[in-house]
Undergrad: 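There's a structure below that I have some questions on.
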Amino acid sequence: MANVYLQKNREQRVYGGHPWVFRSDIDHVEGQARDGSVVRVLSSRHKFLGMAVYNPRSQITLRMLSRRDISINSDFIHQRVKRAVDYRRKFADLHSCRLIFAESDELPAVIADCFGDVIVLQVLCLGMEAFKQDIVDALVEELHPQGIYERSDVPVRELEGLEQTTGLLYGAVPDKVEMVENGVRFLVDVKEGQKTGFFLDQKENRAAIAPFVKESRVLDCFTHTGSFALHAGHYGAREVIGVDISDFACECAAENARLNGLESRVRFECANAFDYLRAAQDNHEQFDVVILDPPAFTKTRSAVEGALRGYKEINLRGMKLVRDGGFLVTCSCSQHVLPHLFQSMLLDAQKDARVSLRQVEWRTQGKDHPILPAAPETQYLKCGIYQVFK
C-alpha cells in the first residue's frame, strides 16, 4: 500500500477532523498509488494520520476513511453502512430518510436515500466506486429493500475521471415510488427526478410549519413537486398556492395533491417565482404565510454576492406579501451562503420592506443529514421561520 506524505504544516486540517486533503497539500507519494486506491496518509514528519481513498485527478485528492491503520475492505464498508443505518433507526422513519450522508457517515461521496421500499444510491468519487457492490450488499442486508437504483448522473463524477451513470443495482424499481413523509403521501420519480428524486433534507422543517398554517392562506414559491405546499394543506391551511417554473414539477405536484385528497385547497401555478412575487405585490395580495424554498442560487464562492441579491429580492417581496402578524418561512440550500450572510441579507430586506421580523425558529437540515463541526461544507441548509409585523 502506498504512503502519501503531506507538506509541512498541512496536516492541521486532518488533525482537526476535516475529511478532505487537497492536491496542493500533498508533498509526495511513496509506492504505487493507483487512481482510486486506498492509501496511508502521513505527515511530513512521518506521523500516521489515517486511511484515505486517493485520486490525483481530483482537487480533493484524498478523502479520509479512517483515523486508524486498518484494512479497508468489504467488512469495513459493511460496518460503516450498518453504523449509518443504526444511527437513523434511533429517530427516523427509514422509509423516508437519508440513510448515508457521505463524509458525515465516513463514507465519502456516497449518498443513499430511501423512499418507501426503494433505495436510491449515488457514488460520486473514484475511490468509493470500487466499493459500490459492497455498499449495495450492506444496504440489502440491513434493510431488505424492494430495489436499489443508481443515480450517479452528476457532473462531479467527470472531475473524478468517472462517467455519469444510472441503472438498476438490485431487485426491481418502478418509475415512481410512493413515500409517506410526516403523514403526507408523495410519488417520487427516482429515475428521472432531480438528484435522487426528492429533497429529504427539509423533512423536519416541513413538519415545523404545522403550528403556523392552520386556517391560513399560504403561498409556497419554488414549490418543486409540492412538498411544503402539501404539508401546509395537510396541516389545515384553507388555501395554498404553489408556484414553480417547471411545468413537469407542477404536474407532479398536482398529482401529489390528488393523492392526498387536497386538490380543492392546494393548487399549483407554473410561473417564474420572481415574476409571480412581483405581480402579487403589484396586486396588493396578502398571505398569512409565505414560504420561500429556492434552489441554490450559487454553486461557487465567487458568485455569493449575486446570490445574495437574488435572495434579498424574493425575501423583500415575500415580507411585503405577509399580512401583519403572519409568518415568513425562508430557506437557502446554497452552501457558500453562510448563515451569517443569509441572516444579514434578511436584515437588509426587512429594512427595505419597512417591516419588523421576529425570529420564531432558526433551523438547518434534518438529523438524517448530520453535520461535522470540523467540516462546514456538511452544513448547507438554512431555514428561518419569522413573524412579520408591519
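Atom set for the values below is all heavy atoms of this structure, side chains included, hydrogens, waters and symmetry mates excluded.
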Undergrad: Hey, is the main chain of Lys8 close enough, under 3.5 Å, to the side chain of Asp27 for a donor-acceptor pair?
TA: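 Looks like no, no N/O pair under 3.5 Å.
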Undergrad: Look only at the side chain of Gln286 and the backbone of Lys320, and say whether a donor-acceptor pair between them is shorter than 3.5 Å.
TA: yes
Undergrad: Are any of the side-chain nitrogens in Arg217 or Glu239 under 4.0 Å away from the carboxylate oxygens of its partner?
TA: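 Result for this pair is yes, salt bridge flagged.
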Undergrad: Would you give me the side-chain donor-acceptor pairs under 3.5 Å for residues 195-207, sequence neighbours excluded?
TA:
unit_1: Thr196; atom_1: OG1; unit_2: Asp113; atom_2: OD2; d: 2.7
unit_1: Asp201; atom_1: OD2; unit_2: Tyr380; atom_2: OH; d: 2.6
unit_1: Gln202; atom_1: OE1; unit_2: Asn205; atom_2: ND2; d: 2.7
unit_1: Gln202; atom_1: NE2; unit_2: Asp293; atom_2: OD1; d: 3.0
unit_1: Lys203; atom_1: NZ; unit_2: Ser96; atom_2: O; d: 2.9
unit_1: Lys203; atom_1: NZ; unit_2: Ser96; atom_2: OG; d: 2.6
unit_1: Glu204; atom_1: OE1; unit_2: Lys367; atom_2: NZ; d: 3.4
unit_1: Glu204; atom_1: OE2; unit_2: Lys367; atom_2: N; d: 3.0
unit_1: Glu204; atom_1: OE2; unit_2: Lys367; atom_2: NZ; d: 3.3
unit_1: Asn205; atom_1: OD1; unit_2: Arg363; atom_2: NE; d: 2.6
unit_1: Asn205; atom_1: ND2; unit_2: Thr364; atom_2: O; d: 3.2
unit_1: Arg206; atom_1: NE; unit_2: Glu181; atom_2: OE2; d: 2.7
unit_1: Arg206; atom_1: NH1; unit_2: Ser227; atom_2: OG; d: 3.1
unit_1: Arg206; atom_1: NH2; unit_2: Glu181; atom_2: OE1; d: 3.1
unit_1: Arg206; atom_1: NH2; unit_2: Glu181; atom_2: OE2; d: 3.3
unit_1: Arg206; atom_1: NH2; unit_2: Phe199; atom_2: O; d: 2.6

Undergrad: Judged by atom type as modelled, is there a donor-acceptor pair below 3.5 Å linking the side chain of Thr225 to the main-chain atoms of Ala253?
TA: no
Undergrad: I need the minimum non-hydrogen distance between Leu316 and Asp352, along with the two atoms involved.
TA: CD1-CB, 3.4 Å
Undergrad: Say whether Val190 and Leu187 are linked into one hydrophobic cluster, either directly or through other cluster members, by side-chain heavy-atom distances under 4.5 angstrom.
TA: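 Shared cluster, no.
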Undergrad: Taking all non-hydrogen atoms of both residues into account, name the closest pair between Phe22 and Arg13 and its distance.
TA: CD1-NH1, 3.7 Å
Undergrad: Counting distance only, does the side-chain N/O of Arg23 pair as donor-acceptor with the main-chain N or O of Arg57 below 3.5 Å?
TA: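 Side chain of Arg23 to backbone of Arg57: a pair is present.
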Undergrad: Can you measure from CG (Leu6) to CD (Gln12) and round to the nearest 0.5 angstrom?
TA: 10.5 Å
Undergrad: Given ring pair (Phe, Tyr, Trp, His ring centres under 6.0 Å), test Phe115 with His95 step by step and report yes or no.
TA: CA-CA 5 Å; Phe115 309 112; His95 295 285; over 10 Å; no
Undergrad: Heavy-atom count check: over 12 atoms from other residues, nucleotides or ligands less than 6.0 Å from His284 NE2?
TA: no
Undergrad: Using side chain to side chain donor-acceptor pair (under 3.5 Å), reason through Thr61 and Tyr54 one step at a time and then give a plain yes or no.
TA: CA-CA 6 Å; Thr61 302; Tyr54 171 75; over 6 Å; no
Undergrad: How are the rings of Phe342 and Trp362 set to each other: parallel, tilted or perpendicular (split at 30° and 60°)?
TA: tilted
Undergrad: I'd like to know if Asp134 and Arg80 make a salt bridge, using a cut-off of under 4.0 Å between side-chain N and carboxylate O.
TA: no
Undergrad: Are the side chain of Asp244 and the backbone N or O of Ser246 linked by a donor-acceptor pair below 3.5 Å?
TA: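 The answer is yes, because a donor-acceptor pair under 3.5 Å joins these two groups.
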Undergrad: To the nearest 0.5 Å, how far apart are OH in Tyr311 and CG in Leu292?
TA: 10.5 Å
Undergrad: Could you report the tightest heavy-atom contact between Gly233 and Arg265, atom names first, then the distance?
TA: O-NH1, 3.1 Å
Undergrad: Between Glu269 and Arg267, is the closest basic N to carboxylate O distance under 4.0 Å?
TA: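 Answer for the salt bridge query: yes.
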Undergrad: Of all heavy-atom pairs between Pro294 and Cys331, which one has the smallest distance, and what is that distance?
TA: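 Nearest heavy atoms, Pro294 then Cys331: CD-O, 3.4 Å.
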Undergrad: Verify the neighbour count for atom CD of Glu192: are there more than 12 heavy atoms of other residues, nucleotides or ligands below 6.0 Å?
TA: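 No, not enclosed.
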Undergrad: Please, which pairs that meet side-chain hydrogen bond (donor to acceptor under 3.5 Å, both in side chains) have at least one residue in residues 335-344, sequence neighbours excluded?
TA: none
Undergrad: Please determine whether a side-chain nitrogen of the Lys or Arg among Glu313 and Arg317 lies less than 4.0 Å from a carboxylate oxygen of the Asp or Glu.
TA: yes
Undergrad: Rounded to the nearest 0.5 Å, how far does CD1 of Ile77 lie from NZ of Lys82?
TA: 15.5 Å
Undergrad: Taking Glu129 first and then Arg157, would you say they form a salt bridge - that is, a charged N and a carboxylate O separated by under 4.0 Å?
TA: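 Result for this pair is yes, salt bridge flagged.
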Undergrad: Over all heavy atoms of both residues, which pair between Pro108 and Met128 is shortest? Give the atoms and the distance, please.
TA: O-CG, 3.0 Å
Undergrad: Going by the angle between their ring planes, with limits at 30° and 60°, are Phe274 and Phe222 parallel, tilted or perpendicular?
TA: perpendicular
Undergrad: When you look at Trp20 and Glu377, which way does the side chain to side chain donor-acceptor pair (under 3.5 Å) test go after all the steps?
TA: CA-CA 11 Å; Trp20 296 345; Glu377 300 86 351; over 6 Å; no
Undergrad: Taking atom CZ of Arg238 as the centre, does the number of heavy atoms from other residues, nucleotides or ligands within less than 6.0 Å exceed 12?
TA: yes
Undergrad: In plain terms, say whether Glu142 and Arg88 are close enough for a salt bridge, that is, a side-chain N and a carboxylate O under 4.0 Å apart.
TA: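 Looking at Arg88 together with Glu142, the answer is no, because their closest N to O distance does not fall below 4.0 Å.
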Undergrad: Can you tell me how far the NZ atom of Lys132 sits from the OG atom of Ser152, to the nearest 0.5 Å?
TA: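 Interatomic distance, Lys132 NZ to Ser152 OG, rounded to 0.5 Å: 5.5 Å.
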Undergrad: State plainly whether one hydrophobic cluster holds both Val140 and Phe131, where clusters connect Ile, Leu, Val, Met, Phe, Trp and Tyr through side-chain heavy atoms under 4.5 angstrom apart.
TA: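 In one cluster: yes.
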Undergrad: Passes side chain to side chain donor-acceptor pair (under 3.5 Å), Gln133 versus Asp137? Steps please.
TA: CA-CA 6 Å; Gln133 189 59 51; Asp137 292 344; 2.9 Å; yes
Undergrad: State plainly whether the residues Asp368 and Arg98 are in salt-bridge range, i.e. N to O under 4.0 Å.
TA: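 No salt bridge links Asp368 with Arg98.
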Undergrad: Is it the case that the side chain of Arg323 and the backbone of Phe287 share a donor-acceptor pair, with hydrogens and angles ignored and the cut-off at 3.5 Å?
TA: no
Undergrad: Would you call Glu150-Lys191 a salt bridge at under 4.0 Å N-O?
TA: no
Undergrad: So does Lys351 pair up with Asp348, basic N to acidic O under 4.0 Å?
TA: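 Not counted as a salt bridge, because no side-chain N and carboxylate O are separated by less than 4.0 Å.
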Undergrad: For Ala112 and Leu139, which heavy atoms make the closest approach, and how far apart are they?
TA: CB-CD1, 4.3 Å
Undergrad: Does any N or O in the side chain of Asp105 come within less than 3.5 Å of the main-chain N or O of Ala84, such that one atom is a donor and the other an acceptor?
TA: no
Undergrad: Measure from the side-chain N and O atoms of Ser58 to the backbone N and O of Asn55, and report whether any donor-acceptor pair falls under 3.5 Å.
TA: no
Undergrad: For Asn315 and Thr330, does a side-chain donor sit closer than 3.5 Å to a side-chain acceptor?
TA: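 Yes - a donor-acceptor pair under 3.5 Å links their side chains.
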Undergrad: Strictly below 4.0 Å, N to O, side chains only: are Asp86 and Arg83 in salt-bridge contact?
TA: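 Answer for the salt bridge query: no.
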Undergrad: Can you tell me if Ser216 uses its side chain to pair, donor with acceptor, with the backbone of Val218 under 3.5 Å?
TA: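 No, the answer is negative, given that no donor and acceptor are paired below the 3.5 Å cut-off.
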Undergrad: State whether the side chain of Asn73 and the backbone N or O of Phe76 hold a donor-acceptor pair below 3.5 Å, judged by distance alone.
TA: yes
Undergrad: Kindly work out whether a path of hydrophobic side-chain contacts (I/L/V/M/F/W/Y, heavy atoms less than 4.5 Å apart) joins Leu121 to Leu99.
TA: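 Linked, Leu121 and Leu99 end up in one cluster.
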Undergrad: Flag the pair Glu255 and Arg185 as a salt bridge only when some basic side-chain nitrogen lies within less than 4.0 angstrom of an acidic carboxylate oxygen.
TA: no
Undergrad: How far does CD1 of Ile111 sit from CD1 of Ile119, to the nearest 0.5 angstrom?
TA: 13.5 Å
Undergrad: Rounded at 0.5 Å granularity, tell me how far CD1 in Ile72 sits from CG in Leu65.
TA: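 Those atoms lie 5.0 Å apart.
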Undergrad: Applying a strict under-4.5 Å side-chain criterion to I, L, V, M, F, W and Y, I'd like to know whether Val110 and Leu62 cluster together.
TA: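 Unlinked, Val110 and Leu62 end up in two clusters.
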Undergrad: Under the criterion side chain to side chain contact (heavy atoms under 4.5 Å, CB included), I'd like the reasoning laid out for Tyr5 against Glu11: C-alpha separation, chi angles, the key distance, then a yes or no.
TA: CA-CA 9 Å; Tyr5 292 86; Glu11 67 272 15; over 6 Å; no
Undergrad: Give a yes or no on whether Val243 and Val240 share a hydrophobic cluster (residues Ile, Leu, Val, Met, Phe, Trp, Tyr; joining criterion: side-chain heavy atoms under 4.5 Å apart).
TA: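 Shared cluster, no.
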